[in-house]
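One structure below.
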Amino acid sequence: MKKILIPLSLAVLVGCQSANQPSTSSSNINDNIVANNVDIFEALYADESANVIHPKDDVDIPLADQDELVVVDNIWDRIRNQLSFDIPDNAQVRAHRNWYAKHQKYLDRVAKRAEPFIYYVTEELEKHDMPIELVLLPVVESAYDPFAYSHGSASGMWQFLSGTGKQFGLQQDWWYDGRRDVAASTQAAIKYLKYLNERFDGDWLLALAAYNSGQGRVSRAMKANARKGKPTDFWHLKLPKETRDYVPKLLALAEIVKDPQRFNVELYAIANKPVISSVDIGSQLDLALAADMADLTVDELHALNPGFNRWATAPDGPHSLLLPNNKVEAFQQRLAKLEEKDRLSWQRYRIKSGDSLSVIARRFNTTVTVIKEANNMADNSIRTGKYLLIPTATQSLDRYKSYEQVRLSKLSKKGSGKKLVHTVQRGDTLWDIGQKYKVSSKQIAKWNGFAPKDMLRLGQKLTIWTNANDNAKKSASGNTVVRNINYRVKSGDSLARIANKFNVSIGDIEKWNNLNRGKYLQPGQMLKLSVNITSI
């Protein structure tokens with residue numbers, strides 16, 4: 001047995017701002033900006049609902065036996081003794097510090113979320129000679145929630161985006177998402193933060209700003225200041241509002257940890273020792289079965305292993321589980337006695353007319369690849385009347401409450417009017433589907449619990465509410481006429497100019513045409529637009 005197993009993964013990614021306390025700006029900030037009349041429940045709602053979604057309720061994990069509950073050596077003391085950042089006494093830091101100090105219950109809840117993982121994060125930061133203040137960065141990013149998910153498709157404790165995560169080694173597939181794996185994503189965050197620190201010549205505040213809003217944006221702001229003869233440190237740069245808040249939040253937290261009594265804060269005690277371990281399980285294992293063998297609930301097991309999307313660990317790994325130290329020995333003994341055939345439940349399925357592997361996979365909540373591997377198939381050919389062995393969950397799927405299911409139930413918003421179900425066909429895009437039903441891409445995403453830029457899956461079922469679009473309603477009554485047009489970009493055109501000309505949003509133009517706002521339009525380029533021709 002070893003302390004938390006760490007597969008080294010690298011990710012270069014812009015960190016996403018979490019929904020912490022109300023944003024501030026240097027132009028109007030003062031120490032009284034904290035809403036003194038807001039009660040704790042409203043404050044918590046504001047903190048965790050604006051930009052980052054928390055799809056699962058917090059779970060109390062049995063990390064220690066009864067005789068180990070008293071914390072003698074507190075990890076906050078270890079962290080406090082290594083704090084090194086200079087913290088300016090300015091309005092930005094004071095406002096965020098005051099907000100945190102006034103919300104003891106919020107700090108307690110975040111610390112309890114961090115309890116299973118913060119020792120590991122601390123150890124890794126020390127091992128890589130990183131500032132210990134970075135142990136507080138997941139508070140700013142996600143409130144230390146590995147399940148946190150932003151509207152912009154960032155995910156996990158460190159809020160990684162899907163594309164950059166894949167590009168730099170964080171495994172993401174139907175079974176598993178490395179962005180939510182605490183060990184893998186922590187390694188990726190450390191690698192990226194190291195890179196940014198070197199990129200900005202050892203200036204950690206600039207590195208943190210770049211983690212939030214991108215190194216290009218920070219570099220451009222520095223060059224703009226240099227041209228004007230202005231200072232190029234973080235405090236003088238013209239950066240997005242969320243980034244101007246992002247760095248002061250971390251500094252405010254560090255100031256509270258450094259001297260909690262000064263701010264009348266009591267930090268939730270966390271033992272300065274590992275409370276979880278990584279256990280090698282060898283191959284794919286049903287998660288409900290694993291929970292039973294570890295004497296945990298499925299929710300408790302999933303809280304420690306948030307990277308798994310489905311009812312079992314991933315067929316191709318990682319083949320390890322994080323478990324409380326006090327559960328490891330019994331789990332290993334039971335696992336050793338478990339026969340290979342009992343790791344998953346198997347069903348013998350007779351192929352019917354009209355079946356395909358994709359249809360069968362959806363029926364049994366698995367993938368085509370898994371079915372092919374289980375049946376030693378070289379291709380997708382199947383024959384009516386023959387049999388397939390299908391690996392299935394050992395218990396009712398309701399017990400598993402997979403991340404994707406919980407996320408959908410949390411994010412999905414019901415529309416009004418007539419409900420339709422659209423099955424995603426090859427070549428479908430959100431824009432095309434929206435045009436077919438006269439609704440917007442953003443509405444479809446909201447109704448089905450995903451971000452507008454998420455990838456569609458062949459065969460995916462989408463809920464459509466047909467009269468939710470106000471323009472469509474007006475069109476039916478003759479007040480509005482919406483037309484789909486092709487527009488050829490002219491010299492001097494910009495997204496803003498085109499949006500203003502046709503009375504549409506820049507965001508919609510980007511979604512309709514799969515554009516990146518950072519890239520320039522080219523003269524002659526064709527754009528799809530959905531235009532209310534009575535309003536232009």
Side-chain angles (χ1 to χ4, degrees), residues 4-20 47-48 51-56 79 110-111 113-128 130-172 176-197 204 207-215 242-243 245-247 249-250 253-254 303-309 318 322 403 407 451:
I4 304 177
L5 181 137
I6 311 153
L8 186 64
S9 301
L10 169 65
V12 175
L13 149 98
V14 175
C16 297
Q17 181 192 20
S18 74
N20 282 332
D47 177 73
E48 296 191 341
N51 296 323
V52 175
I53 298 148
H54 298 263
K56 289 176 71 75
I79 293 170
V110 172
R113 278 192 191 139
E115 187 173 14
F117 311 118
I118 195 169
Y119 178 89
Y120 164 70
V121 177
T122 301
E123 288 264 299
E124 290 306 302
L125 291 173
E126 292 174 349
K127 183 188 301 182
H128 291 275
M130 303 282 277
I132 203 66
E133 282 85 352
L134 299 180
V135 78
L136 303 171
L137 193 58
V139 179
V140 181
E141 284 288 348
S142 65
Y144 250 102
D145 183 2
F147 292 101
Y149 185 92
S150 79
H151 289 287
S153 299
S155 186
M157 200 167 79
W158 296 93
Q159 288 291 282
F160 282 99
L161 296 170
S162 177
T164 47
K166 288 178 181 177
Q167 183 179 355
F168 294 97
L170 284 177
Q171 177 185 337
Q172 296 165 66
Y176 168 82
D177 190 335
R179 297 176 300 163
R180 296 197 309 275
D181 184 304
V182 172
S185 64
T186 297
Q187 292 299 315
I190 287 174
K191 284 286 185 179
Y192 183 47
L193 286 163
K194 265 189 174 182
Y195 163 79
L196 288 174
N197 181 248
W204 275 109
L208 289 165
Y211 187 86
N212 176 253
S213 64
Q215 60 178 333
E242 67 178 51
T243 308
D245 285 337
Y246 184 84
V247 172
K249 286 176 185 178
L250 182 71
L253 286 165
L304 290 176
N305 300 274
F308 295 113
N309 288 335
L322 291 180
Y403 172 79
R407 176 188 155 199

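Bear in mind that the values here come from a model prediction, so they are computed numbers and not experimental data.
Shortest non-hydrogen contact noted between Pro146 and Val182 is CG-CG2, 3.9 Å. Residue Thr243 comes nearest to Ser213 through the heavy atom pair OG1-CB, 3.1 Å, listed as atom of the first residue, atom of the second, then distance. Residues His128 and Gln187 come closest through the heavy atom pair NE2-OE1, 3.8 Å. Across Leu304 and Pro116, no two heavy atoms sit closer than the pair CD2-CB, 3.8 Å. In terms of heavy-atom proximity, Phe308 sits nearest to Pro318 at CZ-O, 3.8 Å. Residues Pro306 and Phe147 share a closest heavy-atom pair of CB-CZ, 3.4 Å.
Proximity of Tyr195 to Lys191: side-chain heavy atoms (C-beta onward) are nowhere separated by under 4.5 Å. A 4.5 Å side-chain heavy-atom check between Lys249 and Glu141 finds every atom pair outside the cut-off. Using a 4.5 Å heavy-atom threshold, the side chains of Trp158 and Arg179 count as separate. The shortest distance between side-chain heavy atoms of Leu134 and Val121 does not fall below 4.5 Å. Inter-residue side-chain proximity for Met130 and Asn197 is flagged as unmet; no heavy-atom pair is nearer than 4.5 Å. Counting heavy atoms from C-beta outward, Trp204 and Leu250 have side chains that stay 4.5 Å or more apart.
In this view, Glu133 satisfies the side-chain hydrogen bond (donor to acceptor under 3.5 Å, both in side chains) rule with no residue, not counting sequence neighbours. Residues forming a side-chain hydrogen bond (donor to acceptor under 3.5 Å, both in side chains) with Asn305 (at least two apart in sequence, or on another chain): none.
Proximity of a side-chain donor or acceptor of Glu124 to a complementary backbone N or O of Thr186 within less than 3.5 Å is not detected. For the pair Arg113 (side chain) and Ala143 (backbone), a donor-acceptor distance under 3.5 Å is present.
Of the inter-residue distances, the one linking Asn212 atom CG with Glu242 atom CD reads 5.0 Å to the nearest 0.5 angstrom. With rounding to the nearest 0.5 Å, the separation of CG in Asp181 from CG in Leu170 is 8.5 Å. Of the inter-residue distances, the one linking Ile190 atom CD1 with Leu193 atom CG reads 8.0 Å to the nearest 0.5 angstrom. Phe160 CZ to Ser142 OG: the interatomic distance, rounded to the nearest 0.5 Å, is 11.0 Å. We find the OH-CZ distance between Tyr120 and Phe117 to be 11.0 Å, quoted to the nearest 0.5 Å. Expressed to the nearest 0.5 Å, how far NZ of Lys166 lies from CG of Leu161 amounts to 12.0 Å.
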Test side chain to side chain contact (heavy atoms under 4.5 Å, CB included) applied to Leu136 and Ile79, step by step: CA-CA 10 Å; Leu136 303 171; Ile79 293 170; 5.6 Å; no

